[in-house]
Every structure is written in C-alpha cells, then in structure tokens.
Novice: 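Quick one: structure below, then a few questions.
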Amino acid sequence: MQLNRPLGLALLLALPLINQAAVLPEDRADILIHAYEGGGVEVIGPSILIRKSLGNSLSASVNYYEDSITSASIDVEMISGASTYTENRKEHSFTVDYLHNSTIISLGYNDSKESDYTSKTTSFGISQEMFGAMTTVTISYAQGADVVMKNTKPDFKESVDRRIYRLGISQVMSANAIMGITWETITDQGYLNNPYRMVRYVDDSKKRGFDLQSEKYPSTRNSSTIAIRGIYYLPYRASLSAGYRYFTDSWGIDASNSELAYVHPLGDTEWTFDIKYRFYQQSAATFYSDLYPTADYQNHLARDKELSTFNSHTFGLGVSYEFLQQSWSILDRGSLNLSYDYIVFSYDDFHDATAGGGAGGEPLYEFSANVFRLFVSVWY
Amino acid sequence: MDKIKLISLLFLALLLLSSCGIKPWVKPYERAKLADPIMSFSRDPVSSAYSRHVYEAREGARGADISAGGGCGCN
C-alpha cells in the first residue's frame, strides 16, 4: 500500500453493475496497457478482460489487472527524504450475468493483493427493463473485506469492512437521447488511515520548523454520491455527453465534478475520435490540516492531500481504429485504441513541505499527470 | 445531502412525468441511433474502469461515476 491508497473496487463495480438490462454484454476480449506519470509517481501495468456468453442466458467475464508502482511522491519525500519505493498490486475479478426475460442478475467477485494490503469484494446486482424498454432500473449491493498490513512491522494487521449500495435509473428520452441517474452510498468501518502517512505540526526546535507524527482517522466513514448524465446523438453521426456528480460524506468532504465528452467517427472510415473535459473540486475533511499547531492537537489527524481542498482539470483525447470491419475466422471485428488524459491538480491548503519558506510558508502544491491507455479489443 | 435530495427529486419527477400512463414513445424500430456504440456512456469497460481507478485513488469522492451505466432497451 505504501502511500498510494488502494482501491480494488473500480473494475468489479464496472462490470456486473452496468445498467444494460435485457441484453447481455457482447462477447469481447480486451488487452490494455496503462501508464500514469505525475507528482513523482509512475504506475504501469496490464489489464486483460475476457467476456464470453454461455448459451443464451449466461455471460461470464474474467479480468486480470496489475499496477507496478514506482513512487517518490511529495508525501514520501517529506517523510523519508528523496527515497523511492516500488510496489506491485494484482487484481482478479470474475463476474456472471444471468438474463431472464427483461431482467439481468449479476454476481461478481474481486480479489486484490499487494504486499501490505489485501481486499476481497463480492457483489450482487439486479437490472430490470420496464415501460416498454424505455426505463432500466438497477439495484446492487457489494461487500468488501480488507486487511491492512505494514511492511516495516510484521505483526501489524488491521481490517476494514465496506458496504456499497447502488441504485441506477436509465431512461430513453427520445430516439436521439438517453439520460441516467445513479445514487450510491458507501459505508466503511475499521482502520481507514494509511499506516505509513504522517501529519506535521509546528516544532521550532527542528531545522524544518515542524515535526511529524502518524495520522489518525475516524474508524467509520459514510458517503453518498449522486450522478446525473445524458448522451445525445447529433444530427450527423457523433455523440455529445454531459454529466454532473455530487458527493458528500461524514468526514465533511463535499465534492462535485462535471464532464463533457464528444465522440466523432470519421465519415465512413475506420477511425473514431474522442475528446473530453472534466472539472473536479472538493472541500477538505473537517479534521484535515496541512500543519497542526502542536503534537496530538486533536483526536483525528490527517494530512492526506486527497482530503484537502483542491480542484483538478482533465483534458482527454482518444483515437480508435477498427482493423476488422469484415469478420475473419471466429472474430467479428476488432479495434486498436489509444487514449491520453492530461490532468492538472491544484491544492488550496496543502503546501509543498519539501520546499523552503518556513513551516506553513511554503508554496501551495500543484502537479500535472499524464495518463495513457493503449488497448486492443476484439469481438467474437 | 440536500443537493442529493434535490437532484433525485428532479430526476424522479421527470421520470414520472415521462413514464406514467403513456405508451413507450420511442418504438424499438426507432432505436437504431441509440444502439450505436458511440451512444454508450462506457464504450470500453476496461478503459473506463481504469479511468475511474485513476480518479478514485487521487480524490476524496467515490462512487456513482458519471461514465458508468447505460441501457437503451435496444435488443
């Protein structure tokens, strides 16, 4: 885990809980290479997905995902100087979808492992098409159990229990437009902080003007998120989508993000282009501080920049080339895809503690990230 | 939390107004455009899941991602 928060849920929740009732997902295979570089962190790895139907009513998928992390992030630098650490995380997911009339029942299992963090999640979802297939309602539940360890302390072992409740409604608005709303509540209980991360407090006897102590989070966290989105087929063959999401939690964080995306197939050629913009902003957790006045200043202590006040802008581009428009052997079609996102993060109350200027007087931190996805997809 | 309730109520009101007692106004044979892959909120699930992971690892917010889901009744 080190200083990179683990999240093993994104893939699992993406697969069985997609609100696509009454039609099983297409048989396809994807091989993706992902690369992230930003803020002194590099993450690279593969993701392989294979989905296959079994008869007319069942569809199963398996996914293998890996993160290879090399980090010399600002957190690591503040705590241990300019040292760099490496970490590896492997994740396996398995899903089954069962179709009966206008209903799809989905089951999923996800397992994520790294040297100091394991996570197992099971999920159940049911998706129902109604009102003449104009409306699709999806309800799902997932339950996770994590174990938090510490590489530098072999007898350290803590746990986290997680429950995820989701309700989604998708509505056909016209022959050209679809809208959707998703509501999700997550509850966590257990050891929620990072066993390595430190907070800082004023100590004039130190050369840097501050000293460090371990962070300490509350043992529970409840959050609610709602997202509304729409997609519109333009008068020519292209689509425009927009979405808004609002988040609030029991730690006092309020966040929202807006997205706009445009997809443009190039005439009758094999090429499709994507462009997107995303803006995200959040307020800080109530117990967060960049610099506490004294040691043990309050019960809960956090200096995780993900809990601070900040915003980010994402500019994304994608290109896709269909290399099998005519069926070949068992393959119906295939595509080669490249996506690039440029993200700029700007923090309002998180200072660069590695820079000069005295404790609390350092410049505010900001960084940019480059995110690549290169993948091949085949349908069969 | 009030914002969540407000958005939910607005959407549900829209849904009820559009669905109650009215026959489906988009017939199955009129859904060719909706079935086009470019009308999917999440065209490539592996790529979308990775994007969500990138954000969730670096943001306080989590869940109910905008790009998840879909469903056009296009079978």
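All chains are named by letter (A, B, ...) in the order of the sequence lines, taking the proteins before the strands, and each is independently numbered beginning at 1. Computation of the quantities below employed the complete heavy-atom set of this structure, encompassing side-chain atoms and omitting hydrogens, waters and symmetry-equivalent molecules. Note that this is a predicted model, so its numbers are computed, not measured.
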Novice: Examine whether an atom of A177(A) lies under 4.5 Å from a heavy atom of chain B, and if so say whether it belongs to the side chain, the backbone or both; otherwise answer neither.
Specialist: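 Answer is backbone: N, CA, C or O of A177(A) sit under 4.5 Å from chain B.
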Novice: So do the side chains of R28(A) and P45(B) get within less than 4.5 Å of each other, counting heavy atoms only?
Specialist: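 R28(A) reaches P45(B) side chain to side chain.
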Novice: Considering only heavy atoms, which portion of T272(A) lies under 4.5 Å from any heavy atom of chain B: side chain, backbone, both, or neither?
Specialist: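 Contact with chain B is through the side chain of T272(A) alone.
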Novice: On the 0 to 90° scale, with breaks at 30° and 60°, tag the Y65(A)-H53(B) ring pair as parallel, tilted or perpendicular.
Specialist: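 Rings of Y65(A) and H53(B): perpendicular, over 60°.
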Novice: Which one wins on heavy-atom pair count under 4.5 Å against chain B: L32(A), I226(A), T185(A)?
Specialist: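 Most heavy-atom pairs under 4.5 Å with chain B: I226(A).
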Novice: Would you sort out whether D249(A) and R62(B) count as a salt bridge (Lys or Arg N to Asp or Glu O under 4.0 Å), showing the intermediate values?
Specialist: CA-CA 10 Å; D249(A) 75 359; R62(B) 56 190 187 170; over 6 Å; no
Novice: Is D44(B) in contact with chain A via its backbone, its side chain, both, or neither, using a 4.5 Å heavy-atom distance?
Specialist: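 D44(B) touches chain A through backbone and side-chain heavy atoms alike.
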Novice: Tell me, for S223(A) versus chain B, whether the close heavy atoms (under 4.5 Å) come from the side chain, the backbone, both or neither.
Specialist: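 Both backbone and side chain.
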Novice: Work out which heavy atom in G132(A) is nearest to a heavy atom in R31(B); give both atom names and the distance.
Specialist: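 Heavy atoms only, the tightest pair is O-NH2, 3.2 Å.
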Novice: If we ignore hydrogens and angles and just use 3.5 Å, is the side chain of W183(A) paired with the main-chain N or O of A64(B) as donor and acceptor?
Specialist: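 Checked: no pair found.
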Novice: Would you say that V371(A) contacts Y50(B) through its side chain, given a criterion of any heavy-atom pair below 4.5 Å between the two side chains?
Specialist: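 They are in side-chain contact.
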Novice: Can you confirm whether M39(B) sits close enough to V263(A) that some side-chain heavy atom of one is under 4.5 Å from a side-chain heavy atom of the other?
Specialist: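 With C-beta onward as the side chain, the pair stays apart.
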Novice: If I measure from the heavy atoms of chain B, does F310(A) come under 4.5 Å with its side chain, its backbone, both, or neither?
Specialist: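 F310(A) touches chain B through side-chain heavy atoms alone.
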Novice: Working to the nearest 0.5 Å, report the span between CH2 of W25(B) and CE of M173(A).
Specialist: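 Interatomic distance, W25(B) CH2 to M173(A) CE, rounded to 0.5 Å: 6.5 Å.
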Novice: Taking V54(B) as the fixed residue, which of T314(A), V43(A), D341(A), I343(A) is the one that meets the side-chain contact (heavy atoms from CB on, under 4.5 Å) rule?
Specialist: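 Of T314(A), V43(A), D341(A), I343(A), side-chain contact (heavy atoms from CB on, under 4.5 Å) with V54(B) is met by I343(A) alone.
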Novice: Could you state the interatomic distance from NE2 (H34(A)) to OG (S47(B)), rounded to the nearest 0.5 Å?
Specialist: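 The OG atom of S47(B) is 11.0 Å from NE2 of H34(A), to the nearest 0.5 Å.
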Novice: Which atoms of Y233(A) are under 4.5 Å from chain B, going by heavy atoms: the side chain, the backbone, both sets, or neither?
Specialist: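 Backbone plus side chain of Y233(A), per the 4.5 Å heavy-atom cut-off to chain B.
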Novice: Is the backbone of I38(B) close enough, under 3.5 Å, to the side chain of S239(A) for a donor and an acceptor to pair up by distance?
Specialist: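 A pair under 3.5 Å: yes.
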Novice: Please look at A238(A) and chain B and tell me whether the side chain, the backbone, both or neither of the residue comes under 4.5 angstrom of a heavy atom of that chain.
Specialist: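 It is the backbone, since no side chain atom gets that close.
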Novice: Pick one of side chain, backbone, both or neither for I231(A), based on which atoms fall under 4.5 Å of a heavy atom in chain B.
Specialist: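 For I231(A), heavy atoms of backbone and side chain both lie under 4.5 Å from chain B.
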Novice: Show your working on side chain to side chain donor-acceptor pair (under 3.5 Å) between S51(B) and R373(A) and close with a plain yes or no.
Specialist: CA-CA 9 Å; S51(B) 287; R373(A) 281 151 288 158; 2.9 Å; yes
Novice: I need the minimum non-hydrogen distance between A61(B) and F247(A), along with the two atoms involved.
Specialist: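 For A61(B) and F247(A), the tightest heavy-atom pair comes out as CB-CG, 3.5 Å.
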Novice: Test your reading of the model: is there a side-chain donor-acceptor pair from R245(A) to the backbone of G63(B), 3.5 Å cut-off?
Specialist: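 Checking the backbone N and O of G63(B) against the side chain of R245(A), a donor-acceptor pair under 3.5 Å is found.
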Novice: Measure S312(A) against the heavy atoms of chain B and call it side chain, backbone, both or neither at under 4.5 Å.
Specialist: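 S312(A) touches chain B through side-chain heavy atoms alone.
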Novice: Any salt bridge linking E59(B) with R278(A)? Criterion: basic side-chain nitrogen under 4.0 Å from a carboxylate oxygen.
Specialist: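 Salt bridge flag = yes for R278(A) with E59(B).
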Novice: Test R58(B) against Y280(A) for side chain to side chain donor-acceptor pair (under 3.5 Å), laying out the working first.
Specialist: CA-CA 11 Å; R58(B) 289 163 187 87; Y280(A) 174 86; over 6 Å; no
Novice: Pick from S377(A), A255(A), S174(A), S241(A): which one has the most heavy-atom pairs with chain B under 4.5 Å?
Specialist: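 Greatest number of close heavy-atom pairs with chain B: S174(A).
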